[in-house]
Amino acid sequence: MSEPKLNEMAPFTAPNQPQPLKNSRVATTPEAIDNYLANEGRAWFKEATEPDDPAGKYAFQRLRKPLFTPELNPKFKLRRDDKFYAIGSCFARGLEKALAIHKMTVESAAPEFAKFRPVRKSIEPLTFINKYNTHSILNELRWALDPAAEFPRESIVQLTKTTWDDPHTAPALELGDLKETLERRALMQAVIKRIKNCRAVILTLGLAEVWRDVKANVFINRTPLPFFLENEKDRYEFHLTDFAENLANLEAVHALLTQYGHPDVHMVVTVSPIPLMNTFSTMDIVVANTWAKSLLRAVAHQWAAAHPNVDYFPSYEIVQSSDRAAVWEPDLRHVKGEVARHITEVFLRNYLA
Amino acid sequence: MVPSTLATQRRPLSKSPYLATAEEAMTNYKGNSAGIWFQEAADPHDPAGEYAFQRLHKNRFTPEFHPKFKLRRDDKFYAIGSCFARGLENTLAKHNIAVESAAPEFARFHPAKKGTSGLGFTNKYNTYSILNELRWALEPSAEFPRESIVQLTETAWYDPNTNPTLEFVGLEETLERRRLIQTVTKRIESCRVVIVTLGLAEVWRDIETELFVNCTPLDVAYALRPDANPSLSNAQPNRYEFHLTGFAENWANLEAMHSLLSSYGHSDVHIVVTVSPVPLMNTFSTMDIVVANTWAKSLLRAVAQEWATAHPNVDYFPSYEIVQNSDRAATWESDLRHVKGAAVEHIMELFLRNYVGYAE
């Protein structure tokens, strides 16, 4: 007697609408079997199946296409007339553009930033609002939404006689004097506040290596400028963050949006596929990047599993499981335009009612 | 480069498992020849290039790697975990390293399928089943729950704490195999090197014995396809339940393993943890198998990192990264699940070069 191979099951049955696990973590055997039978994308491989069958349902068939398309089973639907808000790493900006092309209202794509001068022509001023880690996403939401939260003014640091730096932003704009730096900060918080009207919030998690301003007792958005690392050695410290603190940050984000956000707010969390540019750990950058994305991917799953109004969207998987040559620009860091479009297309097809 | 030891001292400041001062971080950065992804104007195809976007153009990715400790050629090794552990054993044995987990005793059993090795029977796919096996073998107060062994037919019994690669046999021989697994697992006591390979995060639990098992129970498999074996009318699929495990429970399992090996293992035990790159075959979640697999590997990769960070005698070895970042065609068999022999050799060559200090 030999074990029956699960992948040799009867042909895929026409799925009923697959139900999410009743308890997101535990299912009875009948529930698990229902999941299995209704899931067209349930198996990796089957003997004696044509690998290049373009209609094949097995992963080893689907993974041969240049761009991977996951079977998705969204927890909820979004509406075409919902207001969207994207917060997170640069990947959030890519999604905004694609949503705007589809005539969706995207409140985070604030026109106000267009007037600022970027450090380089190739950088869009809106990059300034990128939030790369869960600490900086949470901070920004807290300062904008929680009346009791006060922005730590002393974390803004003076670089030269005429220039100041706000380390809670992304370094996309030419630095201004203190007055302008504070104006930009006020504008950022005004823009973040618009999240209150948005029924759809998309969070894109980017990095797990995080710097903390010890003096102001606050985590910041990116690596401090080299000047401060050289001259104020004790001011900043470097963290490899862990699962618990990232999950706690996302839970706090959820609590804030529940209290101050849209009464019917829905959150879609994704992990940016764009790798880390450099590491301050002792790890190879590729290992450091895989660790960070794995951590954020695992945290995102657990966060989504805990809340009916949070869902995980697998942009990370789409990129990881597509053909490298079809996905990446020559820097092997930025995804090609058509890949971003593919991801957004999968997103809209699945989430829009 | 040595990771900062200040982490524990500064722990009250933050919950992060690794902290460095700005100065330490800059030292890391300057000393890390593989720390940067991309540089404008660098030639993507420079074979000696140190940037990731250059190194990733090679068919097989080779990470820069700084092991926390060294192993010795005359150390006894023990590999426990998913099927990838068996691949590691083979290569270690070729290099004349003593591998206690590669027990000759299993060779005499009949695999159910030709071409599989009897040793596949000892594969442990999740952190629960690794921990269970270590507890039953090492901890005097831990008792194997005899009632978790179930009767399939009049003559065939099944131990769901094993991997069902052998032909099923009667109760007595099933118990005999169980004793043998525990005898073999006990040999870990004399091994200075333990390699733990994490495989799966979807786990089944036997409600009756309150025990997490090693594989999808056969009762569940038969319930899905009753025509496969009509004699299995006694299948009890409902005594099991399905879990998508979380970070905390996997972490707790690895911590319990560490304390077991500290109490009962080699007095100078060193643990190398890896994540198997071999994907999940089927999912019982509602996720696409590719998404379910990425989730599971990500979770195990993240747990492995924190476990290694917490203990000076635990290190993470990036076999998962090597496979993820190599050219697909050079890495995978046609099932896109099993790693080609040449890729396993590349992984092991790196392992030996870095930990034992020689290469072939």
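Note: hydrogens, waters and symmetry copies are ignored here, and every other heavy atom, side chains too, is used. Order of the sequence lines sets the chain letters (A, B, ...), proteins ahead of strands, with each chain counted from 1.
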| field | D52(A) atom CG: more than 12 heavy-atom contacts under 6.0 Å | value | yes

| query | Residues two or more places apart in sequence or in another chain: which of them pass side-chain contact (heavy atoms from CB on, under 4.5 Å) with E241(B)? | reply | V26(A), R205(B), I207(B), H243(B)

| task | Inspect the surroundings of CD in E333(B) and state if more than 12 heavy atoms from other residues, nucleotides or ligands are less than 6.0 Å away. | result | yes

| query | Side chain, backbone, both or neither: which part of L276(A) has a heavy atom under 4.5 Å from chain B? | reply | backbone

| request: Classify the angle between the aromatic ring planes of F243(A) and F247(B) as parallel (below 30°), tilted (30 to 60°) or perpendicular (above 60°). | output: parallel

| request: Say whether, by atom type as modelled, one donor and one acceptor occur between the side chain of N278(A) and the main chain of G35(B) under 3.5 angstrom. | output: no

| query | Judged by atom type as modelled, is there a donor-acceptor pair below 3.5 Å linking the side chain of N39(A) to the main-chain atoms of M287(B)? | reply | yes

| query | So, for S285(B) and N35(A), which heavy atoms are closest and what is the spacing to 0.1 Å? | reply | O-CB, 3.7 Å

| message | To the nearest 0.5 Å, what is the distance between NE2 on H239(A) and CG on L19(B)? | response | 4.5 Å

| message | With side chain to side chain contact (heavy atoms under 4.5 Å, CB included) as the criterion, how do W44(A) and L280(B) come out once you've worked through the C-alpha distance, each side chain's angles and the decisive distance to 0.1 Å? | response | CA-CA 7 Å; W44(A) 196 279; L280(B) 182 67; 5.7 Å; no

| task | Return the set of residues passing side chain to side chain donor-acceptor pair (under 3.5 Å) with R239(B) (not counting sequence neighbours), or none when no residue passes. | result | D206(B)

| Rounded to the nearest 0.5 Å, how far apart are CZ of R337(B) and CZ of F60(A)? | 11.5 Å

| Atom pair CG/CG of L63(A) and D335(B) - distance to nearest 0.5 Å | 11.0 Å

| note | So, the part of P63(B) with a heavy atom under 4.5 Å from chain A: the answer is both

| request: Name the region of R328(B), side chain, backbone, both or neither, that has any atom closer than 4.5 Å to a heavy atom of chain A. | output: side chain

| remark: Output for pair (F53(B) CZ, H334(A) NE2), nearest 0.5 Å, gives 13.0 Å

| Which atoms of T309(B) come close to chain A, meaning under 4.5 Å heavy atom to heavy atom: side chain ones, backbone ones, both, or neither? | neither

| query | Out of curiosity, F45(A) CZ to M281(B) CE, how far, rounded to the nearest 0.5 Å? | reply | 6.5 Å

| task | Could you pull out the closest heavy-atom pair between A52(B) and V286(A), with the gap in Å? | result | CB-CG2, 3.7 Å

| message | Which atoms of N293(B) are under 4.5 Å from chain A, going by heavy atoms: the side chain, the backbone, both sets, or neither? | response | side chain

| field | Contact leader toward chain A among A248(B), A25(B), A304(B), G246(B), where contacts are heavy-atom pairs under 4.5 Å | value | A25(B)

| field | Structural part of P314(A) lying under 4.5 Å from a heavy atom of chain B | value | side chain

| request: Measure across F284(B) and A32(A) and return the closest heavy-atom pair with its distance rounded to 0.1 Å. | output: CD2-O, 3.5 Å

| task | Work out which heavy atom in L295(A) is nearest to a heavy atom in A302(B); give both atom names and the distance. | result | CA-CB, 3.8 Å

| message | Taking every non-hydrogen pair under 4.5 Å, which of L240(A), T49(A), D34(A), D234(A) racks up the most with chain B? | response | L240(A)

| remark: If you tally heavy-atom pairs under 4.5 Å between each of R62(A), Q320(A), K293(A), R235(A) and chain B, the highest tally belongs to R62(A)

| Worked verdict on W204(B) versus T29(A) for side chain to side chain contact (heavy atoms under 4.5 Å, CB included) | CA-CA 9 Å; W204(B) 289 84; T29(A) 291; 3.4 Å; yes

| remark: For F61(B) and D284(A) the tightest heavy-atom approach is CZ-OD2, 3.9 Å

| request: Can you tell which part of F68(A) gets under 4.5 Å to a heavy atom of chain B, answering side chain, backbone, both or neither? | output: side chain

| Among T241(A), I318(A), L247(A), D331(A), who wins on heavy-atom pairs under 4.5 Å with chain B? | D331(A)

| field | Donor-acceptor contact present, side-chain R324(A) to main-chain L56(B), <3.5 Å | value | yes

| query | Distance-only, no hydrogens or angles: does the W211(A) side chain make a donor-acceptor pair with backbone N or O of A22(B) under 3.5 Å? | reply | no

| Leading residue by heavy atom contact count with chain A [cutoff under 4.5 Å; candidates Q324(B), E306(B), E23(B)] | E306(B)

| message | Run the side chain to side chain contact (heavy atoms under 4.5 Å, CB included) test on T286(B) and E31(A) for me, step by step, so that the C-alpha distance in whole Å, both residues' side-chain angles and the decisive distance to 0.1 Å come before the verdict. | response | CA-CA 10 Å; T286(B) 56; E31(A) 287 166 344; over 6 Å; no

| request: Decide yes or no for M26(B) and K233(A): does some side-chain heavy atom of the first lie under 4.5 Å from some side-chain heavy atom of the second? | output: no

| said: Taking side chain as everything from C-beta outward and backbone as N, CA, C, O, which of these in E50(B) sits under 4.5 Å from a heavy atom of chain A? Side chain, backbone, both or neither. | reply: neither

| field | Approximate separation, where rounding is to 0.5 Å, of T283(B) OG1 and Y36(A) OH | value | 9.5 Å

| query | Are any non-hydrogen side-chain atoms of V220(B) and I33(A) less than 4.5 angstrom apart? | reply | yes

| request: Can you tell which part of Q61(A) gets under 4.5 Å to a heavy atom of chain B, answering side chain, backbone, both or neither? | output: neither

| query | Taking it one step at a time, do I289(B) and R42(A) satisfy side chain to side chain contact (heavy atoms under 4.5 Å, CB included)? | reply | CA-CA 5 Å; I289(B) 182 76; R42(A) 67 196 175 200; 5.8 Å; no

| note | On a heavy-atom basis, the closest approach of T294(B) and Y316(A) is CG2-CE2, 3.8 Å

| field | Residue among F38(B), Y51(B), W295(B), W251(B) with most heavy-atom pairs under 4.5 Å to chain A | value | W295(B)

| message | Taking CD in E50(A) as the centre, count heavy atoms belonging to other residues, nucleotides or ligands within less than 6.0 Å. Is the count above 12? | response | yes

